[in-house]
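Taking it in order: structure first as structure tokens, then the write-up.
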Amino acid sequence: VNKPKVILADEPTAALDKASGREVVTMLKELCQNDGCTCLLVTHDSRILDVADRIVNMIDGRIASEILVEETIKIVEFLVKCPVFAKNTPTQLTEISQKVVKEHYTPGASIIRQGEEGDKFLIIVEGLVEVRREEPGGGVNVLATLSTGDFFGEAALLTGHVRNATVIAKEDAVLYSLKKGDFLAALNVSGDFNTQLRSVFFKRQ
């Protein structure tokens with residue numbers, strides 16, 4: 001009624017049936033969208049979490065996790081297209097998404113370098129990158145150009161060998177990166193390690 005900038009809602013669906021609870025949170029969502037206000041809603045009702053833009057989970061008075069819903073969905077959509085994560089459940093993919101870091105690179109910047117130890121797995125969100133290999137004779141061989149949705153960096157993580165190529169940003173590029181430990185942990189819950197390794201290398205042919 002008073003067009004507030006902030007709405008504080010403490011368990012607004014606690015005493016309501018499913019349909020009525022849905023009606024209340026839908027109304028709150030519409031207020032936020034139409035009137036530009038913010039709603040901070042405290043709830044134990046998992047049925048209404050789909051209306052949230054941001055979910056902060058608290059355990060014993062401390063923040064246990066924080067999810068930006070739209071960003072998390074976007075990350076999961078990228079992850080699910082990678083064969084290395086093909087056997088992960090939606091719950092596992094969501095947990096992996098919370099460990100992903102967004103990185104920005106300008107044209108000409110090196111993303112990974114040949115000969116370095118592998119420390120992360122990368123997925124291209126925007127832009128183009130070029131994969132180059134320095135040959136023993138001193139020349140440089142361009143192996144591939146990768147774009148949105150493509151991924152790289154997993155070979156060194158899976159084998160323990162150093163990077164076998166350098167990847168350079170051809171234009172402004174945005175990537176999601178996952179640290180080696182988190183990448184390997186995700187594989188360990190998604191299936192047999194050797195099977196995953198063969199699967200990835202097969203798809204690289």
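These values consider heavy atoms only, across backbone and side chains, with no hydrogens, waters or symmetry-generated copies. Numbers for residues simply follow the sequence, beginning at 1.
- In terms of heavy-atom proximity, Phe151 sits nearest to Cys82 at CD2-SG, 3.6 Å.
- Considering only heavy atoms from C-beta on, Leu79 comes within 4.5 Å of Ile96 through its side chain.
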### Task
Just do the salt bridge (charged side-chain N to carboxylate O under 4.0 Å, His left out) check on Arg133 and Glu135 with the steps written out, would you?
CA-CA 6 Å; Arg133 178 175 294 157; Glu135 303 300 342; 5.2 Å; no
### Task
Show your reasoning for whether side chain to side chain contact (heavy atoms under 4.5 Å, CB included) applies to Leu122 and Glu103.
CA-CA 9 Å; Leu122 298 112; Glu103 300 182 2; 3.9 Å; yes
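- Inter-residue side-chain proximity for Val76 and Thr94 is flagged as met; some heavy-atom pair is nearer than 4.5 Å.
- Val42 and Leu31 are assigned to two separate hydrophobic clusters, defined by single-linkage of ILVMFWY side chains at heavy-atom distances under 4.5 Å.
- Applying the side chain to side chain contact (heavy atoms under 4.5 Å, CB included) criterion to Val174, with sequence neighbours excluded, gives Lys102, His104, Val125, Glu126.
- Judged purely by distance below 3.5 Å, without hydrogens or angles, the side chains of Glu134 and Thr166 never pair a donor atom with an acceptor atom.
- Looking at residues two or more places apart in sequence or on another chain, you find no side chain to side chain contact (heavy atoms under 4.5 Å, CB included) involving Thr38.
- Taking both residues in full, the closest heavy atoms of Ile75 and Ser97 are given as CG2-CB, 3.6 Å, listed atom of the first, atom of the second, then distance.
- Between Ile124 and Val129, the closest side-chain pair of non-hydrogen atoms falls below 4.5 Å.
- Taking NZ from Lys170 and CG from Leu146, the interatomic distance works out to 10.5 Å, rounded to the nearest 0.5 Å.
- Residues Asn57 and Ile63 fail the side-chain proximity criterion, which asks for heavy atoms closer than 4.5 Å.
- For the atom pair NZ (Lys29) and CZ (Arg22), the distance works out to 10.5 Å, reported to the nearest 0.5 Å.
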### Task
Output, in order, the C-alpha distance, side-chain angles, deciding distance and verdict of salt bridge (charged side-chain N to carboxylate O under 4.0 Å, His left out) for Glu71 and Arg54.
CA-CA 10 Å; Glu71 182 74 3; Arg54 177 180 175 190; over 6 Å; no
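- One finds the CG atom of Leu157 at 11.0 Å from the CG atom of Asp182 (value rounded to the nearest 0.5 Å).
- You'll find the side chain of Leu41 reaches within 4.5 Å of the side chain of Leu28, heavy atoms only.
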### Message
As a quick check of understanding, evaluate side chain to side chain contact (heavy atoms under 4.5 Å, CB included) for Arg132 and Asn141, giving each step before the final call.
### Response
CA-CA 6 Å; Arg132 305 172 181 176; Asn141 186 20; over 6 Å; no
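- A donor-acceptor pair under 3.5 Å is formed between the side chain of Thr43 and the backbone N or O of Asp45.
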### Message
Applying salt bridge (charged side-chain N to carboxylate O under 4.0 Å, His left out) to Lys180 and Asp119, what does each step give before you reach the verdict?
### Response
CA-CA 5 Å; Lys180 179 178 180 178; Asp119 61 348; over 6 Å; no
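- Remark: Glu23 CD to Ser20 OG distance equals 6.5 Å, nearest 0.5 Å.
- The residues Lys81 and Asp150 are annotated as not salt-bridged, no charged nitrogen and carboxylate oxygen being separated by less than 4.0 angstrom.
- In terms of modelled atom types and a separation under 3.5 Å, the side chain of Asp17 and the main chain of Ala19 share a donor-acceptor contact.
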### Query
Can Thr13 and Val25 be said to form a side chain to side chain contact (heavy atoms under 4.5 Å, CB included), step by step?
CA-CA 8 Å; Thr13 64; Val25 295; 3.9 Å; yes
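- Residues His44 and Glu11 form a side-chain contact, since some pair of their non-hydrogen atoms from C-beta on lies under 4.5 Å apart.
- Taking 4.5 Å as the limit, every side-chain heavy atom of Ser177 sits out of range of all side-chain heavy atoms of Val100.
- If you take OG1 on Thr148 and CG on Leu128, they are separated by 7.5 Å, rounding to the nearest 0.5 Å.
- Residues that satisfy the ring pair (Phe, Tyr, Trp, His ring centres under 6.0 Å) test with Tyr105, not counting sequence neighbours, are absent from this structure.
- Under a hydrophobic clustering in which Ile, Leu, Val, Met, Phe, Trp and Tyr are joined whenever their side-chain heavy atoms come within less than 4.5 Å, directly or via other members, Tyr176 and Val80 fall into the same cluster.
- Note that the CG atom of Leu178 and the NZ atom of Lys120 stand 11.0 Å from one another [nearest 0.5 Å].
- Here the closest heavy-atom approach between residue Gly61 and residue Met58 is recorded as O-CE, 3.4 Å.
- In the hydrophobic cluster analysis, where Ile, Leu, Val, Met, Phe, Trp and Tyr join through side-chain heavy atoms closer than 4.5 angstrom, Ile168 is grouped apart from Ile111.
- The six-membered or imidazole ring of Phe85 lies near that of Phe121, with a centre-to-centre distance under 6.0 Å.
- In this structure, Gln98 places its CD atom where more than 12 heavy-atom neighbours from other residues, nucleotides or ligands lie under 6.0 Å away.
- Inter-residue side-chain proximity for Thr106 and Asp172 is flagged as met; some heavy-atom pair is nearer than 4.5 Å.
- Of all the heavy atoms in Pro4 and Cys37, the pair that sits closest is O-CB, 3.1 Å.
- Side-chain heavy atoms closer than 4.5 Å link hydrophobic residues (I, L, V, M, F, W, Y) into clusters, and following such links, possibly through other members, connects Val167 to Leu143.
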### Task
Show the numbers, then the answer: is there a side chain to side chain contact (heavy atoms under 4.5 Å, CB included) between Leu175 and Phe152?
CA-CA 11 Å; Leu175 295 92; Phe152 58 93; 3.5 Å; yes
